[in-house]
There are 2 protein chains.
Amino acid sequence: MGLRKRALFASSGADFWMRLALLGRLVSGVTNRVWSELLSTVGDFKAPKGATLFSPGQDCPGFLKLKQGCIKVTLTGSSGREVVLYRVHPGEVCLQTFTCLIKDQTYAAEGVVEEDIQGDLIPAGKFHQVMEQDDAFRNDVLTSVALRFSEYQQLIEDVALTGFDARLAKVLLRLVDATGIVHVTHTALAAETASGRAYVSRRLAEFARRGIVEQLAEGIRLCKPAELAQISEQK
Amino acid sequence: MGLRKRALFASSGADFWMRLALLGRLVSGVTNRVWSELLSTVGDFKAPKGATLFSPGQDCPGFLKLKQGCIKVTLTGSSGREVVLYRVHPGEVCLQTFTCLIKDQTYAAEGVVEEDIQGDLIPAGKFHQVMEQDDAFRNDVLTSVALRFSEYQQLIEDVALTGFDARLAKVLLRLVDATGIVHVTHTALAAETASGRAYVSRRLAEFARRGIVEQLAEGIRLCKPAELAQISEQK
DNA sequence: CAGATCTGGTGACTCTGTCACCGCGCCTCA
DNA sequence: TGAGGCGCGGTGACAGAGTCACCAGATCTG
């Protein structure tokens, strides 16, 4: 499926993280507080695709105001199974970060850069200050938080009350590009649908048998989007 | 199982709601805006057990600062299946309400009074004003929102990544009273575990066979809480 | 007492998800 | 350049989860 890039980016991401961790130890000797000390003086922030921005248990360095790129936030169970919670795009809030800052707690999920990001990092102390003083900023944040909550609730509804096929159809329609193709591995679809890889393969094969999708080398072509939309609303 | 009360309260709840709806029509002629007009002048707010406070699609009358009682918030799927999202206790925020007020949208879930409630209802307009001006109030709300968010994430984790038995065990431990008994129907447990009633019955029978619980007329006695706790951490 | 309603038990399914194992294509590195 | 490693996807066999239909007992209601 021509996704060799993935491994490449993953390893460059690991490099990025290792460099930071190393730098952190040089600076403070405490890996956990690296980010805040490293970045509290830096307004501008960048990270390449594949970089792990945060993992469960880590401290939160501050509030990231994303200007460009995309961050994927996931939850991993003890069995190793992964669920995609949401993505952060420019203008949106990373709810993980918000929660950490407000409750002064550590992260509970994992954040990975999906498209090279660039933005402003507002240190924790300053975040609280701005939240108090700047009405517009506060409103933006609250609106974004409220939006995120709706998404979470939708996710709960999908996982708890909706059949698998509907979930799969929904995800395919969400991830499709302009040419009608979804460039994602079955494994990734499993994380998106909170399901298992093998089952995704099976159902996708069934969809293909029905002529709804077509599995190509470049990805999955959605042949009958209307039918998919209908499936996505069942049950 | 001696839960005849339920039906009683449910019907008294329906009466309460009908009276309000009727009153609303008399006042404004628009059922949907009843609450805000009816209550914006009333700081004090009460409702009896079983009353439906809000349903999907309704407008939000304002922010309820709960002083006493308990509200259960649930989501109902098109199949009729119900999932308990969370409960609001005194000092906590109803996230539904918060989201509605911030985004100026209608409710997406249902709220039912579980124990007679009493509190202050802050009209929408005043809520925004207080959020801007009162640092302490805003902090309380934000902290509570952040807490709620953690719960939501936990729920997603439970439903998406955890086995049924663990979920059931968790719920039993959460709902048990001081005497070691859970006074809840299998149907209610199904909503709490985001599962089906028949399956709950089956697994509970299996738990009983293993001597972990005992099913009595008054409810479910947890005989081996330690073992339950262990089950609740599996998978 | 008859009927309505809520509750829980059960058999017989279907749907979902897992595990293990296979083959393919691509990369790496000796 | 050929052997090995690895990520990806397909499949059979199985286990876990959830559904449907139907039954029976308990409780209220009139």
Side-chain angles (χ1 to χ4, degrees), chain A residues 1-11 50 77-83 158-168 182-209 213-220 231 234-235, chain B residues 1-12 14 50 77-83 158-168 182-209 213-220 231 234-235:
Chain A
M1 216 181 235
L3 288 170
R4 300 277 81 234
K5 302 172 202 168
R6 295 206 139 237
L8 187 72
F9 281 114
S11 68
S78 51
S79 63
R81 204 161 116 175
E82 198 183 16
V83 185
D158 286 349
V159 174
L161 305 173
T162 307
F164 173 81
D165 284 8
R167 240 151 56 222
L168 180 56
V182 180
H183 300 272
V184 170
T185 65
H186 290 191
T187 307
L189 285 176
E192 301 281 349
T193 54
S195 180
R197 198 264 316 164
Y199 195 52
V200 169
S201 290
R202 243 186 268 281
R203 296 310 301 164
L204 227 33
E206 167 66 19
F207 279 13
R209 223 167 291 133
V213 304
E214 194 182 352
Q215 306 210 53
L216 311 169
E218 322 88 81
I220 302 159
I231 291 173
Q234 277 170 16
K235 214 188 176 188
Chain B
M1 213 182 240
L3 290 171
R4 301 279 78 234
K5 301 173 205 168
R6 296 207 137 236
L8 187 71
F9 281 115
S11 69
S12 83
S78 51
S79 63
R81 205 161 116 175
E82 201 183 14
V83 186
D158 286 349
V159 174
L161 305 172
T162 307
F164 173 82
D165 284 7
R167 238 151 59 221
L168 180 56
V182 180
H183 301 272
V184 170
T185 66
H186 290 192
T187 307
L189 285 176
E192 300 281 348
T193 54
S195 178
R197 198 265 315 164
Y199 195 53
V200 169
S201 290
R202 244 185 267 280
R203 297 311 300 164
L204 227 33
E206 167 66 20
F207 280 12
R209 222 168 291 132
V213 304
E214 195 181 352
Q215 305 210 52
L216 312 170
E218 320 90 81
I220 302 158
I231 291 173
Q234 279 168 17
K235 212 187 179 189

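By convention in this document, chain letters (A, B, ...) are assigned in the order of the sequence lines, proteins followed by strands, and residues within each chain are numbered from 1. If you're wondering where the values come from, they're calculated on a predicted model, not measured in any experiment.
- Separating the CZ atom in F164(B) from the CZ atom in R202(B) is a distance of 11.0 Å, to the nearest 0.5 Å.
- Rounded to a whole Å, the CD1 atom of I220(A) is 14 Å from the C1' atom of dG10(D).
- The base of dG17(C) does not come close enough to the side chain of R197(A) for any donor and acceptor atom to sit less than 3.5 Å apart.
- Look at R203(A) and E206(A) and you find no salt bridge, because none of the NZ, NE, NH1 or NH2 atoms lies under 4.0 Å from a carboxylate O.
- Taking five base pairs at each end of the helix from dC1(C)-dG30(D) to dA30(C)-dT1(D), the local helix axes there meet at an angle of 30°, rounded to 10°.
- For the pair F164(A) CZ and dT14(C) P, the interatomic distance rounds to 20 Å; values are reported in whole Å.
- D165(A) places its CG atom 13 Å from the C1' atom of dG17(C), with the value rounded to the nearest Å.
- L168(A) has its side chain within reach of F207(A): a pair of non-hydrogen atoms, C-beta onward, lies under 4.5 Å apart.
- Spacing between atom CZ of R167(A) and atom P of dC15(C) amounts to 15 Å, rounded to whole angstrom units.
- Listed for the T162(B) side chain is no donor-acceptor partner under 3.5 Å among the backbone atoms of V159(B).
- Summarising the geometry, the separation between CD on Q234(B) and C1' on dA15(D) is reported as 15 Å, rounded to the nearest angstrom.
- When rounded to the nearest whole Å, the span between CG of L189(A) and P of dC8(D) equals 12 Å.
- Within the 4.5 Å cutoff, side-chain heavy atoms of L204(B) are placed close to those of Q215(B).
- Regarding E82(B), its CD atom lies at a distance of 16 Å from the P atom of dG18(D), rounded to whole Å.
- Atoms NZ and CZ, on K235(A) and R167(A) in that order, are 9.5 Å from each other to the nearest 0.5 Å.
- Listed by residue number, A198(A), S201(A), R202(A) are the residues of residues 198-209 of chain A with a heavy-atom contact under 4.0 Å to DNA chain D.
- Proximity of R81(B) to the phosphate of dC20(D): no side-chain N or O atom is located under 4.0 Å from OP1 or OP2.
- Considering only side-chain N and O atoms, S195(A) lies under 4.0 angstrom from the phosphate OP1 or OP2 of dG17(C).
- Between dG10(D) and H186(A), a contact under 4.0 Å exists linking OP1 or OP2 to a side-chain N or O.
- The closest donor-acceptor contact from the side chain of R81(B) to the backbone of G196(B) lies at 3.5 Å or more, if one exists at all.
- Atom CD of Q215(A) and atom C1' of dC24(C) are 15 Å apart (whole Å).
- In this structure the side chain of I220(A) reaches within 4.5 angstrom of the side chain of L189(A), judged on heavy atoms.
- No side-chain donor-acceptor contact under 3.5 Å links H186(B) to the backbone of A198(B).
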